[in-house]
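Both backbone and side-chain heavy atoms feed into the values below; hydrogens, waters and symmetry mates do not. In what follows, chains are A, B, ... by sequence order, proteins preceding strands, each numbered from 1. If you're wondering where the values come from, they're calculated on a predicted model, not measured in any experiment.
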Amino acid sequence: MACWLMKSEPDTFSIDDLANRPRQTEAWDGVRNYQARNFMRRMKKGDRIFFYHSNCAVPGIAGLMCVVAEAYPDPTQFDKKHHHYDPTSKPEEPRWSLVDVQFERRLKRLISLAELREHEAQLPGFQLLMKGSRLSVIPVREEHWDYILKLEKKSAPG
DNA sequence: GCCAACGTTGGC
DNA sequence: GCCAACGTTGGC
């Protein structure tokens, strides 16, 4: 069972939005980056995911979710009216994929990017912390997953 | 194949 | 709002 991290801007779609969806499930559409797409195509049902709030006042991991449907074509790529419409993608050979994710729980407290950086030494190779890393879908090593979840139980830093 | 220009991401 | 880092596009 693999672990992942997926970013979303909370102004657009937050952990609360996911929790409020029917069946607390959402199709993770709009990814238009090949590396991120390829990671999604590797996801298996039951894989665990950190829900990361990006581009906001306090970026960080806000909750947990899991994969409930493995990769299939992102329908928004064929929708002319959609912001993520891709005229170069053909239905017979879809370029972009998505997975369905399901809410698991909110973290008891947000684990901020700043806090994660304090633990950089214990998270070697964690792509989120790499300089210039902007990928919205990244793999998380299991030992990193466990370490980060243990931080939740500690009191907030500062 | 190179690389400049451009658009996007996302922390701060 | 600024800007660094990155990905993509397209001229040559």
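Each of A:His83 and A:Asn55 has a nearest nucleotide on DNA chain B; the 5'-most of these lies closest to A:His83. With the nearest nucleotide of DNA chain C identified for both A:Thr88 and A:Ser133, A:Ser133 has the one nearer the 5' end.
Here B:dG11 presents its P atom at 11 Å from CG of A:Leu129, a figure rounded to the nearest Å. In this structure, A:Met130 places its CE atom 16 Å from P of B:dG11, rounding to the nearest Å. Rounding to whole angstrom units, CD of residue A:Glu120 and P of B:dG11 are separated by 14 Å. The distance between atom CG of A:Asn38 and atom P of C:dG7, rounded to the nearest whole Å, is 13 Å. When rounded to the nearest whole Å, the span between CZ of A:Arg32 and C1' of B:dG7 equals 16 Å. What separates CD of A:Glu115 from C1' of B:dG11 is a distance of 17 Å, to the nearest Å. Across the protein-nucleic acid pair, A:Asn33 atom CG and C:dA5 atom P stand 18 Å apart, rounded to whole Å. The distance from atom CD of A:Gln127 to atom P of C:dA5 is 18 Å, rounded to the nearest whole Å.
Atom CD of A:Glu93 is surrounded by 12 or fewer heavy atoms from other residues, nucleotides or ligands within 6.0 Å. Remark: A:Glu142 CD is loosely packed, at most 12 non-hydrogen atoms of other residues, nucleotides or ligands lying under 6.0 Å away.
Between B:dT9 and A:Tyr52, no contact under 4.0 Å exists linking OP1 or OP2 to a side-chain N or O. Look at A:Lys131 and you won't find any side-chain N or O under 4.0 angstrom from OP1 or OP2 of C:dA4. At B:dG10, one or more side-chain N or O atoms of A:Lys7 fall inside 4.0 Å of OP1 or OP2 (strictly under the cut-off).
For A:Tyr52 and A:Trp4, the ring centers are positioned 6.0 Å apart or more.
No side-chain donor-acceptor contact under 3.5 Å links A:His84 to the backbone of A:Asp79.
If you check every strand for non-hydrogen atoms under 4.0 Å, A:Gln35 touches sugar and phosphate atoms only.
A salt bridge links A:Arg105 to A:Glu152: at least one charged side-chain nitrogen sits closer than 4.0 Å to a carboxylate oxygen.
The side chain of A:Tyr34 approaches C:dT8 more closely than any other nucleotide in the set C:dT8, B:dG11, B:dT8.
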